[in-house]
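Residue numbers start at 1 and run along the sequence shown.
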Amino acid sequence: MTLEEFKTLLLTSGEFSGKILENEKLSKHSTMNVGGDAGLFVEPDSEAGFVFALKEAVLNRIDFFLLGGGSNTIFPDEGIPLVITSRLIKDQITYSDSTLRIPAGASWGSVISFCKNSNLRGFECFTGLSGSAGGALFMNASCFGLSACHNLLSVEYLDKNDCTVKIYKKDLKDWGYKKSPFQTGDKVILSAIFNVKKGFDEAKSAEVLEKRKTMGHFKAPSAGSAFKNKPEEEIIAGKIIDECGLKGFSCGGAQIAPWHGNFIINPEKKASCADIKALVEKVQETVLQKTGIKLETEILFV
């Protein structure tokens, strides 16, 4: 099936609602502001439409990239044929019996706002975090001592092997630092259920936001931490990069942030994917030569 046929299928199915954009600039959909065009950029506005688009892509053997908030994603300069994103999904965050149901496409800003308005505690450490709930679970994001899986109870997902919707119940052995059971590529997160308590911690939320500002999270386009830490070996990537004298180092339009060794930034919004890859390789090569440590990337090159 061609992309044009796929577009027609969605628009005439009666099962899909939302937007389908052609030759959409991917730089608009990544916090790094980098990337070529998507041949088709599919934005379902409901979970049912999202599942339908995913199933049809899988069943018709059309390769696609699944996009959440784009906060950890570096798109290629040449673009990609098909992107399906969860970000327009209208289904609401809901609270019932001490549990919070969050759609995969929900931004953390919307989650924190909901918790604040509903006086719910549990996600204050994710205040100011970019990206989506599904993306954070996929990466098992960790912020100020809180991991995405910490309050997790279960996940609703689409199994790409048989195109059925299933429920995963949290098993601690499946999770670890930047590790989740959804990184195998055959499970698409649709929504998740988390345990929460009453009593939103306003002071904690404000403290976390201020820490992010102080650390320079919002100073320039970036994809957050570029390299993984190794907690079990007490290796902090930013500290090592700083000690190797690489803060402020540039390749083309990409730069190691002068204020944080583990942020790669796009200060003039002129960086390419090739620039970022070159900078990553330079950092890895220098750190390996000087310390013997092989840094692994946390950012995802599509």
[X]/[Y] ion pair, N-O < 4.0 Å:
X: Lys7; Y: Glu22; result: yes
X: Glu202; Y: Lys116; result: yes
X: Lys239; Y: Glu243; result: yes
X: Arg101; Y: Glu156; result: yes

If you count heavy atoms of other groups shown closer than 6.0 angstrom to [atom1] of [X], is the number above 12?
X: Asp63; atom1: CG; value: no
X: Lys198; atom1: NZ; value: yes
X: Glu234; atom1: CD; value: no
X: Lys178; atom1: NZ; value: yes
X: Lys277; atom1: NZ; value: no

Derivation and outcome, side chain to side chain contact (heavy atoms under 4.5 Å, CB included), residues Arg212 and Cys143: CA-CA 10 Å; Arg212 290 190 190 280; Cys143 305; 3.5 Å; yes

Using modelled atom types and a 3.5 Å cut-off, is there a donor and acceptor pairing between side-chain atoms of [X] and backbone atoms of [Y]?
X: Asn266; Y: Met32; answer: yes
X: Asn161; Y: Asp186; answer: no
X: Gln255; Y: Ser250; answer: no
X: Ser205; Y: Glu124; answer: no
X: Asn195; Y: Asn151; answer: no
X: Asp242; Y: Leu246; answer: no
X: Ser30; Y: Thr73; answer: yes

Apply side chain to side chain contact (heavy atoms under 4.5 Å, CB included) to Asn262 and Ile241, showing your working. CA-CA 7 Å; Asn262 202 16; Ile241 292 167; 4.2 Å; yes

Nearest 0.5 Å, please: how far is [atom2] in [Y] from [atom1] in [X]?
X: Asp37; Y: Glu78; atom1: CG; atom2: CD; result: 11.0 Å
X: Phe123; Y: Ile102; atom1: CZ; atom2: CD1; result: 4.5 Å
X: Leu66; Y: Ile189; atom1: CG; atom2: CD1; result: 9.0 Å
X: Tyr157; Y: Phe182; atom1: OH; atom2: CZ; result: 7.0 Å
X: Thr291; Y: Ile235; atom1: OG1; atom2: CD1; result: 7.5 Å
X: Lys228; Y: Ile299; atom1: NZ; atom2: CD1; result: 11.5 Å

Under a 4.5 Å side-chain heavy-atom rule over Ile, Leu, Val, Met, Phe, Trp and Tyr, are [X] and [Y] clustered together?
X: Phe65; Y: Leu88; value: no
X: Leu129; Y: Leu146; value: yes
X: Ile80; Y: Leu21; value: yes
X: Trp108; Y: Leu100; value: yes
X: Val111; Y: Phe138; value: yes

Does any donor atom in the side chain of Ser17 or Asp45 lie under 3.5 Å from an acceptor atom in the other side chain?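 A pair is found: one side chain offers a donor N or O, the other an acceptor, under 3.5 Å apart.
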
Closest approach of [X] to [Y] (non-hydrogen atoms, all atoms of both residues):
X: Lys173; Y: Lys179; answer: O-NZ, 3.7 Å
X: Leu137; Y: Ala148; answer: CD2-O, 3.8 Å
X: Ser225; Y: Glu298; answer: O-CB, 3.6 Å
X: Ile265; Y: Pro258; answer: CD1-CD, 4.2 Å
X: Asp275; Y: Gly253; answer: OD2-N, 3.1 Å
X: Ala38; Y: Val83; answer: CB-CG2, 4.1 Å

[X] side chain near [Y] side chain, heavy-atom distance below 4.5 Å:
X: Cys273; Y: Phe75; result: no
X: Asn60; Y: Leu9; result: yes
X: Leu279; Y: Ile256; result: yes
X: Gln92; Y: Phe114; result: no
X: Leu190; Y: Val155; result: no
X: Phe50; Y: Ile84; result: yes
X: Pro221; Y: Lys269; result: yes
X: Asn119; Y: Tyr95; result: no

Pairwise side-chain hydrogen bond (donor to acceptor under 3.5 Å, both in side chains) hits with a residue in residues 128-149, at least two apart: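 Residue pairs passing side-chain hydrogen bond (donor to acceptor under 3.5 Å, both in side chains), neighbours aside: none found.
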
Begin from the C-alpha positions of Phe194 and Leu152 and carry the test side chain to side chain contact (heavy atoms under 4.5 Å, CB included) through to its verdict. CA-CA 4 Å; Phe194 296 89; Leu152 180 68; 3.8 Å; yes

Under the ring pair (Phe, Tyr, Trp, His ring centres under 6.0 Å) test, residues paired with Phe227 that sit two or more places apart: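 Per chain and number, Phe227 pairs via ring pair (Phe, Tyr, Trp, His ring centres under 6.0 Å) with no residue.
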
The criterion is ring pair (Phe, Tyr, Trp, His ring centres under 6.0 Å); which residues satisfy it with Phe41, sequence neighbours excluded?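 For Phe41 the ring pair (Phe, Tyr, Trp, His ring centres under 6.0 Å) partners, ignoring immediate neighbours, are His29.
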
Evaluate Phe64 against Leu3 for side chain to side chain contact (heavy atoms under 4.5 Å, CB included), listing each step before the verdict. CA-CA 11 Å; Phe64 64 92; Leu3 288 181; over 6 Å; no

Assess whether ring pair (Phe, Tyr, Trp, His ring centres under 6.0 Å) is satisfied between Phe263 and His217, documenting all intermediate values. CA-CA 9 Å; Phe263 286 174; His217 282 222; 5.0 Å; yes

